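Reviewing the structure listed below.
Residue numbers run from 1 in the order of the sequence given. In this text the structure is predicted, and so the values were computed from the model without any measurement.
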Amino acid sequence: MWPDRRLIDLFKTEFPIVLAPMAGVMDAELVIAAAQGGALGSLPSAMISPEKAREQVGLIRQRVKAPVNMNFFCHTPVELTREAEARWKQRLTGYYTEHGLDPAAPINAANRAPFDVAFCEVVEELKPEVVSFHFGLPEQALLKRVKAAGCLVISSATTVKEAVWLEQRGVDAVIAQGAEAGGHRGMFLTDKIAEQPGTFALVPQVVDAVKVPVIACGGIADGRGIAAAFALGASGVQIGSAYLRCPESKVSAGGRKALAEAGDDSTVITNVMTGRPARGVQNRLMREAGPISPDAPPFPHAATALGPLKAAAEKQGRVDFTNLWAGQAIALGREVPAAELTRDLAKSALARMKALAG
């Protein structure tokens with residue numbers, strides 16, 4: 001009944017729906033639930049160790065016979081200079097004082113590692129059906145090893161140029177990430193945030209430019225959005241924000257309250273949380289120090305100094321320094337189990353497409 005079955009046939013899932021990998025707010029539990037509902041479950045692996053990744057994939061394999069997507073970052077690490085660190089600490093000093101924290105105290109560095117040999121060995125060992133990348137692709141030698149392990153490869157593009165670049169390097173499908181999408185922008189051939197196209201403009205142009213299946217991403221949170229994506233030529237959708245309020249997600253109580261109260265104007269693209277542009281629910285730090293600040297050190301170092309502030313505020317039930325990544329359709333999210341949500345999304349999308357065809 002789906003007008004385009006290329007993604008279903010490629011991933012061997014019941015529905016052409018990909019659960020977006022959302023690092024920090026989900027683990028195997030949400031992957032399992034979404035897969036039980038018929039989606040491709042994605043395990044965010046950029047902020048966990050190889051050992052933790054093995055454990056998580058093992059849990060998924062025990063609970064569900066479904067394809068698994070492991071997601072990794074491909075950013076080029078940038079050293080944090082003393083000057084940049086000092087400038088950022090100075091910007092945050094008032095917040096440290098307010099919370100009774102010592103800005104000079106040692107802090108654990110933010111853990112957001114790019115895909116490397118160690119993780120490539122994990123992929124070769126676990127053989128996930130799909131491996132997805134953000135911020136481009138790994139070096140050619142590692143990419144060849146991933147494909148040699150029998151894994152399908154997909155990656156995010158925020159422009160047509162990025163989509164073509166990905167196809168030329170052998171991806172099996174392209175995720176067209178519109179500006180509405182929550183989380184980090186997948187941009188890697190540009191750093192011009194002001195020029196990022198929205199999903200409605202990006203998807204049909206990417207579809208015209210590449211031959212591989214296109215997965216629409218950004219502002220899609222219900223059946224209407226899925227139907228619209230297919231009307232634009234997509235073969236499937238990637239959805240994240242709609243799952244944030246599911247019981248299987250790991251969003252904190254304060255975060256859940258903020259998500260439940262969010263409206264269509266609640267999210268902004270900011271660099272103050274990690275040092276790299278990402279869309280999330282606006283918090284105190286974004287309002288007072290950003291949303292885009294030249295003081296924020298490069299990715300992922302901005303997050304390091306925020307660690308103590310985030311912990312202190314969350315103890316008080318506040319999310320003043322918490323990165324609640326979410327897209328512009330966050331208000332359409334619901335508090336329902338992920339498997340049920342997945343089936344509802346597919347059912348309502350098919351009903352909407354049938355009504356339009358009639």
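- A donor-acceptor contact closer than 3.5 angstrom links the side chains of N69 and S132.
- Taking the ring axis of Y95 as reference, the NZ or CZ atom of R284 does not stay both within 45° of it and closer than 6.0 Å to the ring centre.
- Linking ILVMFWY side-chain heavy atoms closer than 4.5 Å, directly or via other members, places I60 and F11 in two distinct hydrophobic clusters.
- Inter-residue side-chain proximity for L356 and F230 is flagged as unmet; no heavy-atom pair is nearer than 4.5 Å.
- The closest donor-acceptor contact from the side chain of R256 to the backbone of C246 lies under 3.5 Å.
- Here the rule is side-chain contact (heavy atoms from CB on, under 4.5 Å) with W88, and of T93, L80, V272, T304 only V272 fits it.
- With respect to E340 and R343, no salt bridge is recorded, no charged nitrogen being found less than 4.0 Å from a carboxylate O.
- Within the 3.5 Å criterion, the main-chain N or O of A179 finds no donor-acceptor partner in the side chain of Q196.
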- Task: With salt bridge (Lys or Arg N to Asp or Glu O under 4.0 Å) as the test, would you mind laying out the steps for K211 and E167 before giving the verdict?
- Result: CA-CA 8 Å; K211 294 183 174 62; E167 183 180 49; 6.0 Å; no
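- Cluster membership check: M286 does not share its hydrophobic cluster with I292, using side-chain heavy-atom separations under 4.5 Å among Ile, Leu, Val, Met, Phe, Trp and Tyr.
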Self-check item: CA sep, side-chain torsions, deciding dist, call: E129, R61, salt bridge (Lys or Arg N to Asp or Glu O under 4.0 Å)
Solution: CA-CA 12 Å; E129 286 76 8; R61 296 296 196 200; 3.1 Å; yes
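- Transitive grouping of hydrophobic side chains (ILVMFWY, heavy atoms separated by less than 4.5 Å) keeps V64 and V18 in distinct clusters.
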